[in-house]
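So you know, we letter chains A, B, ... as the sequences are listed, proteins then strands, and number each from 1. These numbers were taken from a predicted model, which means no experiment stands behind them.
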2 protein chains.
Amino acid sequence: MNKMNKYFLSENNVPFQDYFNFGLSVDCVVFGYVGEEIKVLLVQRDAEPFLGNWALPGDLVPLDEDLADSASNVLQNLTGLENIFMEQFYTFGAVDRHPAGRVATVGYYSLVKSDNYHPIASSWVKETEWFSIKDLPKLAFDHDQILEKAVSTLKSRVKYRPVGFELLPTKFTLLELQALYEALLDYKFDKPNFRKKILSMDLLVQLDEVQANVSHRPAKLFQFDEMRYIELRKEGFAFDITVKG
Amino acid sequence: MNKMNKYFLSENNVPFQDYFNFGLSVDCVVFGYVGEEIKVLLVQRDAEPFLGNWALPGDLVPLDEDLADSASNVLQNLTGLENIFMEQFYTFGAVDRHPAGRVATVGYYSLVKSDNYHPIASSWVKETEWFSIKDLPKLAFDHDQILEKAVSTLKSRVKYRPVGFELLPTKFTLLELQALYEALLDYKFDKPNFRKKILSMDLLVQLDEVQANVSHRPAKLFQFDEMRYIELRKEGFAFDITVKG
DNA sequence: TCAAAAGTGTTCCGAATACACCCATGC
DNA sequence: GCATGGGTGTATTCGGAACACTTTTGA
């Protein structure tokens, strides 16, 4: 027994080494926005257990890799994307959540712009697919629960942080932004009021561009001003899209 | 090698078993409210590493214990308290965060009523003490970082959920509640307006009791109405104590 | 009677709401 | 012209902020 064991001994006197048999994994909930719907990227397993089942992209963390790095790496290996907004939301650690041993998993979610996103199926994955969060299959392991937690976390965070902009293409119209928020929060906003509120926040830059080839008045295109956001946060600015109680 | 390894193999082909050498721990940030100050319970280590240093109460998770149970058990072993509001806030998994091996730790915070709380030092702890979150010692491991994250999480959650009531004695006056929120949010509220706002939420029950032995007009005592809160949440009610931007 | 804190009422202002209306484009 | 969605202006309402005031107790 290692001399260090005493600092970690529980009442029941389990020796130190017995504690070091955990597996640690990360599971990524990748949100996208396609066709006015919030989607999530799932992978189909090509192996037991849960062969053929849909699951969240995830993997075991190597012993020599930081947790946050591991999350980025899993996403990158699976999707080829780098520098994606990514945030930890919850850790799941039920004893029997994994049939192969004791594995705790840390959930991360990310938001990607669907227009420059091209998923690549990795070795143990049969295929990848976007699913609407309103029409999900039964998932492997406890991934249903993980996904549900990710969705509720996203819905609550989106009200107080401009995470939503990550889901849209770089250039977007105000009505596209409104439709996104309506999908995220499941709430209809009044068009003039939504415009006023968003524009008064001073977070958008209006571009010298408009929509093309639309059979109605073309909308002006906007861009999220990240520098301005960082500055406003320093001043204690609170992004706040709340829905009527 | 286990047949299951292929489902978890990374690009670099590390075999399955090598992943299962993690330790998993929980660290508890126990908040209290004493003398109009937000305090946190720390323990002084009686052993290497970090002998003599203050640290968060925490312990390794046994392989056969659920994560959430482990958090309660650590708190109970250390404090004797049961059924305490307890919430996970973040998981820390840097490679070198623990000198004894690769240990990821899951942070939980809890809020306790100081009037019925009596900490008991456990075996590997020299003593326990409440520290104001405005005057903290240097902590062992990466506990500074964990505590900082807990504080920022508490400060943001307290605005949208009535967690604050957990810190007060069962019966309290409105000005005590106000002082608590002022300490939590580091903001001075206007007395009449704070009263109006809190009372309009319909979350408090006014008792037939007043303060005793005070050399001024005695304040009415109130109690948090948890049933009412659960009901209001169902209707989509949003508890909201926001401070001026 | 005075100090100290409890508790109330009222005005003012700005933000959110509701809603009516005009504009630009393709067909 | 007209359908379609883009975009603007305004009256009203509601809640928050500010602040002056009265009440009740102990000493």
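- Within the nucleic acid shown, A/Pro192 comes within 4.0 Å of at least one base atom, counting heavy atoms only.
- The interatomic distance linking A/Leu221 (CG) with D/dG6 (C1') rounds to 12 Å, in whole Å.
- Using a 4.0 Å cut-off between charged side-chain N and carboxylate O, B/Arg161 and B/Glu87 make a salt bridge.
- Straight-line distance from the CD1 atom of B/Ile241 to the C1' atom of D/dG16: 12 Å, rounded to whole Å.
- Without hydrogens or angle criteria, B/Gln44 side chain to B/Lys126 main chain gives no donor-acceptor distance under 3.5 Å.
- A salt bridge does not link A/Glu37 to A/Lys134: none of the charged side-chain nitrogens sits closer than 4.0 Å to a carboxylate oxygen.
- Per the geometry, CD belonging to B/Gln178 stands 14 Å off C1' belonging to D/dA17, to the nearest Å.
- Across all strands shown, A/Leu174 has no heavy atoms under 4.0 Å from either base or sugar-phosphate atoms.
- Counting to the nearest Å, the P atom of D/dG6 and the CZ atom of A/Phe194 are 13 Å from each other.
- Computed from coordinates, the A/Leu199 CG to C/dA16 C1' distance equals 16 Å when rounded to whole Å.
- Put simply, the side chain of A/Glu166 never gets that close to the backbone of A/Leu111: no donor and acceptor are under 3.5 Å apart.
- Nucleic acid contact for B/Lys191: base, since at least one base atom lies under 4.0 Å from a heavy atom of the residue.
- At the phosphate of D/dT23, neither OP1 nor OP2 sits under 4.0 Å from any side-chain N or O atom of B/Arg217.
- No donor-acceptor distance shorter than 3.5 angstrom exists from the side chain of A/His143 to the backbone of A/Ala55, with no hydrogens or angles considered.
- DNA chain D is contacted by both B/Ser215 and B/Asp240; B/Asp240 maps to the nucleotide lying nearer its 5′ end (nearest heavy atom per residue).
- Closest-nucleotide positions on DNA chain D for A/Arg195 and B/Asn213 were compared, and the one nearer the 5' end corresponds to A/Arg195.
- Rounded to whole Å, the distance from CZ on B/Phe172 to P on C/dA5 is 20 Å.
- In this structure, of C/dC19, C/dT25, D/dG7, it is C/dT25 that holds the atom nearest to the side chain of A/Pro218.
- Residue B/Lys196 is in base contact, counting any heavy-atom pair closer than 4.0 Å across all strands shown.
- Here the nucleotide nearest the side chain of A/Ala219, chosen from D/dT24, D/dG6, C/dA24, is D/dG6.
- Computed from coordinates, the B/Asn193 CG to D/dA17 C1' distance equals 6 Å when rounded to whole Å.
- Computed from coordinates, the B/Gln211 CD to D/dG26 P distance equals 12 Å when rounded to whole Å.
- Across all strands, B/Lys197 comes closer than 4.0 Å only to sugar-phosphate atoms, never to a base (heavy-atom distances).
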